[in-house]
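Presented below is the structure to which this report refers.
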Amino acid sequence: MYLSRFLSIHALWVTVSSLMQPYPLVWGHYDVCKTQIYTEEGKVWDYMACQPESTDMTKYLKVKLDPPDITCGDPPESFCAMGNPYMCNNECDASTPELAHPPELMFDFEGRHPSTFWQSATWKEYPKPLQVNITLSWSKTIELTDNIVITFESGRPDQMILEKSLDYGRTWQPYQYYATDCLDAFHMDPKSVKDLSQHTVLEIICTEEYSTGYTTNSKIIHFEIKDRFAFFAGPRLRNMASLYGQLDTTKKLRDFFTVTDLRIRLLRPAVGEIFVDELHLARYFYAISDIKVRGRCKCNLHATVCVYDNSKLTCECEHNTTGPDCGKCKKNYQGRPWSPGSYLPIPKGTANTCIPSISSIGTNVCDNELLHCQNGGTCHNNVRCLCPAAYTGILCEKLRCEEAGSCGSDSGQAAPPQGSPALLLLTALLGTASPWAF
C-alpha cells in the first residue's frame with residue numbers, strides 16, 4: 001500500500017515538474033518567449049515577453065581610434081614607467097609583439113601579470129593637445145545592464161567624456177563628464193551619482209570622483225548603470241518589478257540605457273600637477289588595459305536569443321516579428337500594428353504577438369497556431385491547405401460538390417450551413433477553428 005501511494009505521489013510530482021519546467025525558475029527574468037499550456041481546447045501556446053541574457057558585449061564590438069595613428073610604436077618610442085615618472089627607459093615598438101600595445105589589448109582576457117594594454121603615443125608634441133577618440137560599435141542596438149568599467153594602465157585622464165549614440169554613430173550625446181576640475185574643464189559643478197534621484201536620474205553630470213591624477217593607485221573609471229537602476233529597484237536591486245515598470249512606461253529612461261555605439265573621448269592625460277613638465281613629456285600618455293561593457297541585444301521583448309554571425313548581431317525573433325531588433329511584424333502577420341513586448345504585468349509581461357492580416361487570408365497563408373485548415377486539411381509550408389478530396393477552399397471550408405452544384409442526397413454529401421466564405425474565414429481567424437482569440 002505504501003509503495004503504491006509513493007509511486008502515485010512520484011508520478012504526480014513528475015507530471016507537475018514537467019508542466020512547470022518551461023517557466024523561469026526566478027520570475028521576472030523574461031527568459032522564455034512561449035510555453036505550452038493545457039486548456040479545454042487542448043494543448044496551446046502561451047506567449048510572454050522575453051529578452052536575451054545579459055552578457056559581455058565586448059566580444060562583439062568593433063573598435064576605432066581617431067586619430068588612427070595615435071597608438072604608440074610606429075615609430076618606436078620610449079616612455080616613462082608608471083611607478084616612477086622619471087624612469088623613461090620603457091619602449092613601445094609595434095613591430096615587436098612583446099613591446100607592442102595595439103587596441104585589441106583593451107578587450108583581451110586580464111589576469112596575467114604583467115597586464116596587457118593599449119597605449120597611445122606620448123605627449124611629445126606639447127603644447128598641441130593630446131586627444132584620442134575610442135569608438136566602440138556594435139552595428140546593433142544594445143541595452144546596458146551593468147556598469148561600464150574602464151581600467152587604465154596609465155594615470156586616469158585629467159579630462160574625459162563618455163558619449164553614446166543611438167543611430168550608429170551619426171549623432172552623439174554625452175553620457176558623463178570626468179575631470180580633476182569640472183568647473184574649469186567643462187563649466188559644470190561637480191556631482192556624483194549619489195547626488196541624483198529618481199527625478200534627476202537622466203541628468204548628465206560631471207564627476208571628479210575618478211580623475212585624481214597620475215600618482216593615484218586607483219586605475220578604474222566607472223559609468224554607474226546599477227546605481228541608477230537602484231533609484232527604482234532599491235540599493236540591492238531586489239525590487240526589479242519597480243524598475244521594469246519604469247522602463248516599460250518611460251521611453252526616455254529606456255532609451256537612456258540603450259546604445260548602438262559608445263565613444264571614449266580622452267581630452268587631457270594625467271598630469272598630476274598644475275604645470276606640464278616639458279622636460280619629461282614621455283611621462284604623459286594614455287594606456288588602457290581593460291574595458292567592460294555588459295548588456296543584451298535589444299529585441300523589443302520578442303526574443304531570448306541573439307546570434308552573432310558574419311560579424312553581426314541579430315535577434316532570433318519570436319511572436320511573429322522580424323528585423324534586427326524584432327521591430328516589425330512578419331509579412332502576413334500585420335493584423336494589428338506592431339508593438340514591443342511589455343514587462344507588465346509582472347512576472348510574465350505581455351508578448352504583444354503579431355497576428356495574421358485579414359489580407360493574408362487571400363494569399364492562402366495558414367499555420368497550426370492561429371489559422372487552422374478545416375475538415376481534416378493540413379497546412380503545407382504555411383502557404384496553403386492540402387484538403388481532403390471532398391473539400392476545397394482556402395481553409396478547406398467548403399465541399400467540392402458545391403462548385404459543381406451537385407451537393408445533396410444524390411451525391412451523398414450534405415451541403416454545409418449557408419454563409420459567405422469571408423464570414424467563414426473570419427470565424428476561423430477569430431477562434432472557431434483555433435483556441436486563440438485576440
Side-chain angles (χ1 to χ4, degrees), residues 29 51-65 71 82 101-120 132-157 160-166 169 172-178 192-194 201 204-205 207 209-212 216-230 233 235-237 240 243 256-266 270 286-298 306 308 311 313:
H29 282 191
Q51 61 188 6
E53 291 184 4
S54 174
T55 188
D56 175 10
M57 298 306 297
T58 61
K59 295 182 291 186
Y60 311 112
L61 62 77
K62 294 180 181 177
V63 60
K64 176 185 174 184
L65 270 60
T71 299
M82 305 300 157
H101 298 284
E104 54 266 29
L105 295 182
M106 290 186 279
F107 311 104
D108 64 337
F109 173 74
E110 289 301 320
R112 300 187 298 272
H113 295 284
S115 298
T116 57
F117 53 92
W118 164 81
Q119 183 172 311
S120 75
V132 184
N133 287 345
I134 304 172
T135 303
L136 315 180
S137 301
W138 284 271
S139 299
K140 172 78 180 75
T141 311
I142 66 170
E143 298 168 329
L144 301 174
T145 59
D146 205 340
N147 295 353
I148 298 170
V149 183
I150 307 170
T151 304
F152 283 83
E153 195 64 21
S154 62
R156 295 179 293 188
M160 184 187 109
I161 307 174
L162 179 64
E163 297 179 326
K164 61 171 284 188
S165 175
L166 264 172
W172 295 90
Q173 302 85 42
Y175 237 166
Q176 192 151 291
Y177 294 86
Y178 302 81
S192 72
V193 175
K194 299 179 181 67
V201 67
I204 308 302
I205 65 172
T207 179
E209 188 173 353
Y210 302 109
S211 302
T212 50
T216 179
N217 292 324
S218 182
K219 300 178 178 182
I220 294 175
I221 283 181
H222 285 262
F223 178 69
E224 305 90 341
I225 298 288
K226 283 192 169 180
D227 286 349
R228 288 170 167 85
F229 284 169
R236 296 189 180 181
L237 303 184
M240 291 300 289
L243 174 62
F256 185 81
F257 299 110
T258 304
V259 305
T260 58
D261 307 76
L262 291 169
R263 185 163 68 185
I264 303 164
R265 296 184 59 199
L266 305 172
Y286 306 106
I288 296 177
S289 61
D290 193 46
I291 298 177
K292 285 185 169 62
V293 182
R294 287 194 66 85
R296 62 169 60 92
C297 291
K298 179 181 179 180
C306 190
Y308 187 65
S311 301
L313 285 166

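Only heavy atoms go into these numbers, but all of them, side chains included; no hydrogens, no water, no symmetry mates.
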Considering non-hydrogen atoms only, spot the tightest contact between [X] and [Y] and give its length.
X	Y	answer
E209	S192	OE1-CB, 3.8 Å
F107	T58	CD2-CB, 4.0 Å
Q173	L166	OE1-N, 4.4 Å
S289	D108	O-OD1, 4.3 Å
P235	A230	CA-CB, 4.1 Å
H222	Y178	O-OH, 2.8 Å

Set of residues satisfying side-chain contact (heavy atoms from CB on, under 4.5 Å) with respect to [X], sequence neighbours excluded:
X	result
T71	L65, P103, W118
A233	L237, M240, L243
S139	none

A side-chain contact here means heavy atoms from C-beta on lying under 4.5 Å apart; do [X] and [Y] qualify?
X	Y	value
I264	I291	yes
M106	V63	yes
L262	I148	yes
I220	V149	yes
V259	L136	no

Review point. R263 and W172: side chain to side chain contact (heavy atoms under 4.5 Å, CB included), yes or no, with the steps?
Key: CA-CA 9 Å; R263 185 163 68 185; W172 295 90; 3.4 Å; yes
With sequence neighbours excluded, residues passing side-chain hydrogen bond (donor to acceptor under 3.5 Å, both in side chains) with [X]:
X	answer
D261	S137
K140	D325
T258	none
T207	none

Report the distance from atom [atom1] of [X] to atom [atom2] of [Y], rounding to the nearest 0.5 Å.
X	Y	atom1	atom2	value
T116	E153	OG1	CD	8.5 Å
I134	M160	CD1	CE	9.0 Å
Q119	I288	CD	CD1	11.0 Å
S165	W138	OG	CH2	11.0 Å
L266	N133	CG	CG	8.0 Å
I204	Q176	CD1	CD	8.0 Å

Exercise for review: Given side chain to side chain contact (heavy atoms under 4.5 Å, CB included), test M57 with I142 step by step and report yes or no.
Suggested key: CA-CA 9 Å; M57 298 306 297; I142 66 170; 3.6 Å; yes
Review point. Which residue pairs pass the side chain to side chain donor-acceptor pair (under 3.5 Å) test when at least one of the two sits in residues 142-151, sequence neighbours left out?
Key: S54-T145
Review point. Taking only residues two or more places apart in sequence, or in another chain, which ones meet F152 in a ring pair (Phe, Tyr, Trp, His ring centres under 6.0 Å)?
Key: none
Check your understanding: Of all residues at least two apart in sequence or in a different chain, which pass the ring pair (Phe, Tyr, Trp, His ring centres under 6.0 Å) check with Y175?
Key -> F223, F256
Review point. More than 12 heavy atoms of other residues, nucleotides or ligands under 6.0 Å from NZ of K59: is that the case?
Key: yes
**Study point:** Partner set under salt bridge (Lys or Arg N to Asp or Glu O under 4.0 Å) for R296, not counting sequence neighbours
**Key:** none
Check your understanding: Who passes salt bridge (Lys or Arg N to Asp or Glu O under 4.0 Å) against R294, sequence neighbours left out?
Key -> none
Exercise for review: Please answer whether the main-chain N or O of Y286 pairs with a side-chain N or O of S154 as donor and acceptor at a distance below 3.5 Å.
Suggested key: no
